[in-house]
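Step one of this worksheet: look at the structure below.
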Amino acid sequence: MGYQEIIEDLYKSVKREENIGSLASFIPELGKVDPQKFGIHLITTDGRAFGVGDYEEKFSIQSIIKVPSLALAYKIMGESLWARLGYEPSGTPFNSLVQLEHDRGIPKNPLINSGALVICDILISKLENPQEDFLHFMRKASGNPTIAYSPQIAESEKSVGYRNIALCNFIKSFGNIENDPDEVLDFYFNQCSIELTCRELSEAFLFFANFGVVPSSGDRIMTGSQVKRINAIMQTCGFYDESGEFAFKVGLPGKSGVGGGIVAVHPGQYSIAVWSPVLNKKGNSYRGVKFLEQFTTRTELSIF
Ligand code: GLN
């Protein structure tokens, strides 16, 4: 069986089962999405592409952007980045405050909100025009010149962003945010607001599956060693307090967002994006995890 047949087959069987969970309605705009949307797109490092369902429809990628944001900061800072945050799984929800007091404002890793806020702060300090330069990086890494922020989604999140506002100010109180918290938060909400289709998302992550090089352009985005480390962080931290379970069930590095997207990479093989907006209790797409578990089982391809 080829990839197309497998994804179509699993799409149908996962869609037949009950969709258990709820939308991310704590961000008002995300509460308006049709909960039955379901799309999948896979692209291989040698350029073959396969899609099923709503894979050409845009959705808010939310926390998935934490990975490219980390990539750009790591590229700029090198190993000195790790003075500002760690690379250990947190074992806590994505928006948790509890560890920060104990760790004196040093977030456990870059893929939880606290860590992503510190990454945004670093990018603001280091880039001339942070918001534009970040989009430029995303466009180059994905080969997609249309990537843009969604002001509507960013505003919607900002209007209720009390927890992220608290996180940012709390970290600032320990001296681990250099810039104005409002500026850091605006950049963070903008990053989270980006909308991509499953096809675009799988393309944007293909360089993580291809040792740092965008296959279509030949552009090297990062070194192979840096990509190895980012993939390791996705593997151990990409799903918050469900990261162990995702590794156990799916066996690929990946990242989720509360828009219901999940992207996973198989180094040397492919990048796959799944979107289904109904989330489980940990804030990860219910059908997305189910689909990927069955996908790596059926293909018998995993990094383990
Ligand atoms: N923008 C969301 C938040 O900060 C991102 C969370 C997520 O996708 N897990 O709450």
Side-chain angles (χ1 to χ4, degrees), residues 61-100 102-127 130 133-134 137-138 141 163-164 167-168 170-172 174-179 181 184-185 187-194 204-205 207-208 212 221-223 225-244 246-247 253-258 261-265 282-284:
I61 69 169
Q62 291 295 317
S63 279
I64 295 173
I65 204 62
K66 292 180 167 86
V67 182
S69 191
L70 161 66
L72 180 55
Y74 192 23
K75 196 175 152 68
I76 296 169
M77 299 285 287
E79 299 313 309
S80 68
L81 183 68
W82 309 118
R84 301 280 303 273
L85 74 175
Y87 40 71
E88 289 294 341
S90 68
T92 57
F94 60 87
N95 54 9
S96 174
L97 281 125
V98 289
Q99 289 165 338
L100 280 172
H102 177 263
D103 296 339
R104 307 208 50 80
I106 304 290
K108 278 272 183 249
N109 69 66
L111 302 187
I112 48 177
N113 291 12
S114 55
L117 288 162
V118 168
I119 294 285
C120 285
D121 181 60
I122 290 168
L123 292 177
I124 290 171
S125 296
K126 297 289 171 189
L127 298 172
D133 295 353
F134 180 70
F137 172 75
M138 277 302 290
R163 203 166 244 275
N164 286 316
L167 276 169
C168 197
F170 196 40
I171 302 169
K172 175 99 180 163
F174 289 105
N176 198 21
I177 292 281
E178 291 171 354
N179 298 283
V184 175
L185 285 157
F187 191 25
Y188 174 79
F189 293 140
N190 263 344
Q191 286 196 4
C192 291
S193 78
I194 290 176
F205 269 64
F207 79 91
F208 291 112
I221 304 299
M222 328 185 63
T223 69
S225 161
Q226 287 171 328
V227 161
K228 176 188 79 176
R229 292 178 202 284
I230 290 181
N231 286 347
I233 294 175
M234 278 199 264
Q235 184 77 70
T236 52
C237 311
F239 298 81
Y240 324 111
D241 44 344
E242 200 181 14
S243 298
F246 189 83
K255 183 74 198 88
S256 63
V258 291
I262 297 181
V263 62
V265 295
K282 309 279 181 171
N284 299 316

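- Under a 3.5 Å cut-off, the side chain of Asn179 and the backbone N or O of Val184 do not form any donor-acceptor pair.
- A donor-acceptor contact closer than 3.5 angstrom is absent between the side chains of Ser90 and Asp241.
- A donor atom on one side chain and an acceptor atom on the other are not found under 3.5 Å apart for Tyr240 and Asn284.
- Every side chain to side chain donor-acceptor pair (under 3.5 Å) that Asn190 has, sequence neighbours left out, goes to Gln131.
- Defined by atom type and a distance below 3.5 Å, a donor-acceptor pair is present between the side-chain atoms of Asn164 and Asn113.
- Considering only heavy atoms from C-beta on, Ile112 stays 4.5 Å or farther from Lys66 through its side chain.
- Rounding to the nearest 0.5 angstrom, the gap separating the CZ atom in Arg229 from the CG atom in Leu70 is 12.0 Å.
- No donor-acceptor pair under 3.5 Å is formed between the side chain of Gln62 and the backbone N or O of Val258.
- The closest donor-acceptor contact from the side chain of Asn176 to the backbone of Gly105 lies under 3.5 Å.
- Judged as a salt bridge (charged side-chain N to carboxylate O under 4.0 Å, His left out), the pairs with a partner in residues 114-127 (not counting sequence neighbours) are, in order, Arg84-Asp121.
- Side-chain atoms of Lys75 come within 3.5 Å of backbone atoms of Ile221 as a donor-acceptor pair (strictly under, hydrogens ignored).
- The aromatic rings of Phe170 and Phe174 stand perpendicular to each other, their planes meeting at an angle above 60°, with 30° marking the opposite boundary.
- Side-chain atoms of Lys228 and Ser225 include no donor-acceptor pair closer than 3.5 Å.
- With hydrogens and angles ignored, the 3.5 Å screen pairs no side-chain donor or acceptor of Ser96 with any backbone N or O of Thr92.
- Leu111 CG to Tyr87 OH: the interatomic distance, rounded to the nearest 0.5 Å, is 14.5 Å.
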